[in-house]
Amino acid sequence: MLPAFSVVIPAFNEASRIGETLRLTLDYLRNVSPESELIVVNDGSTEATSPIVREVLETAKIETRLLENFPNRGKGAAVRSGLLAAQKPIALFFDADLSTPLEETPKVIEPIADGEIDIAFGSRALDRRLIGHHQPWRREHAGRVFNLLVRLATGLPFWDTQCGFKAFRIDVCRPIFEAARIDGFAFDVELLYLAHRAGLRIREIPVHWNHSAGSKVRFFQDSLRMLLEVIVLRSRAL
């Protein structure tokens, strides 16, 4: 069994898979941590994501909430909304595609609950043998280049800032959430950067991971935007 924690799932146009993701997540939490809560943040979806979420949550056996961001503000804004709304001592966010299996949850929750660290996040880079289904070659290598640039620009000692599987000790991380400004996909970098500068204890943990089709990241446009966001983040700190 795991201690009570909050799960935050950002969702933008996820009607095709959000129902199954929520059912699996609710079943998992009911079995391993029934005092936990599930928060879904609908980030201005233009299709049936919201009504599907409402229908699934109606029969949930644990505490649940649906937050609505309108219009679409970006994944970073959605994740922050969920984390700031979390009522449990620890919060974990992950993507609606469940690329990191739910069974990996103890890896990031337990060290925080045991008082060892303040932030734990999944990594595809520390042990690539744990990757089952890889991303397309171009996207995977672009991710490696991006993380190298992040290390050079920010001084962060991590190898995979973009894996969407991160857990936080809420009491010490709340000021980080409140100070963050990036609404786009580079929000992960900003959270880790602010936490690192604040002296919080952070651990990168290898996890199983599988690429899932339907990523909302547009290869060229969003890669450029993410780099610009990191540059702005670095310039603000100078």
Side-chain angles (χ1 to χ4, degrees), residues 8-10 12 14 17 74-80 92-105 107-108 111 117-168 176 180-197 200-238:
V8 174
I9 303 179
F12 173 62
E14 295 286 0
R17 58 188 170 193
K75 184 179 177 181
V79 170
R80 282 200 308 275
L92 164 68
F93 82 80
F94 54 76
D95 296 332
D97 61 9
L98 293 181
S99 291
T100 302
L102 291 165
E103 289 72 23
E104 298 290 80
T105 299
K107 290 184 178 181
V108 295
I117 51 177
D118 303 307
I119 298 174
F121 66 99
S123 174
R124 298 159 292 188
L126 295 183
D127 187 352
R128 296 193 178 275
R129 295 171 299 178
L130 298 180
I131 299 177
H133 183 203
H134 285 255
Q135 301 177 82
W137 182 91
R138 183 177 63 172
R139 188 179 292 271
E140 183 166 313
H141 285 269
R144 295 187 189 185
V145 171
F146 176 78
N147 276 282
L148 177 59
L149 293 175
V150 166
R151 286 171 62 92
L152 294 174
T154 65
L156 288 172
F158 311 120
W159 288 105
D160 185 9
T161 58
Q162 300 310 110
C163 181
F165 197 76
K166 294 181 173 67
F168 304 84
I176 303 299
R181 294 292 179 267
I182 293 177
D183 289 341
F185 288 107
F187 78 96
D188 306 69
V189 178
E190 182 181 35
L191 292 180
L192 293 175
Y193 182 69
L194 294 174
H196 186 66
R197 284 173 60 89
L200 300 188
R201 300 167 298 170
I202 308 171
R203 183 180 298 172
E204 183 175 13
I205 298 171
V207 294
H208 286 88
W209 189 88
N210 292 284
H211 171 65
S212 179
S215 171
K216 300 301 186 297
V217 179
R218 298 164 299 178
F219 182 76
F220 289 108
Q221 301 98 313
D222 290 324
S223 294
L224 177 59
R225 180 182 175 187
M226 288 163 66
L227 286 174
L228 291 175
E229 288 173 340
V230 171
I231 292 170
V232 170
L233 171 64
R234 178 57 179 161
S235 65
R236 287 207 310 259
L238 295 176

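Starting from 1, each residue takes its place in the sequence as its number.
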ring-ring contact (aromatic ring centres under 6.0 Å, His included) filter on Phe93, not counting sequence neighbours, yields Phe187
So, using ring-ring contact (aromatic ring centres under 6.0 Å, His included) as the criterion, who are the partners of Phe165 when residues are at least two apart?
none
Any side-chain heavy atom of Leu130 within less than 4.5 Å of one from Trp209?
no
Taking the side chain as C-beta and beyond, is there a heavy-atom pair between Asn210 and Ile131 under 4.5 Å?
no
Taking atom [atom1] of [X] and atom [atom2] of [Y], what is their separation to the nearest 0.5 Å?
{"X": "Tyr193", "Y": "Leu233", "atom1": "OH", "atom2": "CG", "result": "6.0 Å"}
{"X": "Asp188", "Y": "Glu229", "atom1": "CG", "atom2": "CD", "result": "10.5 Å"}
{"X": "Leu191", "Y": "Ile119", "atom1": "CG", "atom2": "CD1", "result": "7.5 Å"}
{"X": "Gln162", "Y": "Met226", "atom1": "CD", "atom2": "CE", "result": "4.0 Å"}
{"X": "Leu156", "Y": "Arg197", "atom1": "CG", "atom2": "CZ", "result": "10.5 Å"}
{"X": "Asp160", "Y": "Ile205", "atom1": "CG", "atom2": "CD1", "result": "12.5 Å"}

Considering non-hydrogen atoms only, spot the tightest contact between [X] and [Y] and give its length.
{"X": "Arg124", "Y": "Cys163", "value": "NH2-N, 3.5 Å"}
{"X": "Ile182", "Y": "Glu190", "value": "N-OE1, 2.8 Å"}
{"X": "Val8", "Y": "Val79", "value": "CG1-O, 4.3 Å"}
{"X": "Lys166", "Y": "Thr161", "value": "NZ-O, 2.8 Å"}
{"X": "Lys107", "Y": "Pro206", "value": "NZ-O, 3.3 Å"}
{"X": "His196", "Y": "Pro157", "value": "CE1-CD, 4.0 Å"}

I need the single residue from Gln135, His133, Arg17 that forms a side-chain hydrogen bond (donor to acceptor under 3.5 Å, both in side chains) with Ser212. Which is it?
Arg17
side-chain hydrogen bond (donor to acceptor under 3.5 Å, both in side chains) involving His208 - partner list, sequence neighbours excluded:
Glu104
Test salt bridge (Lys or Arg N to Asp or Glu O under 4.0 Å) on Arg80 and Asp183 and set out the steps.
CA-CA 9 Å; Arg80 282 200 308 275; Asp183 289 341; 2.5 Å; yes
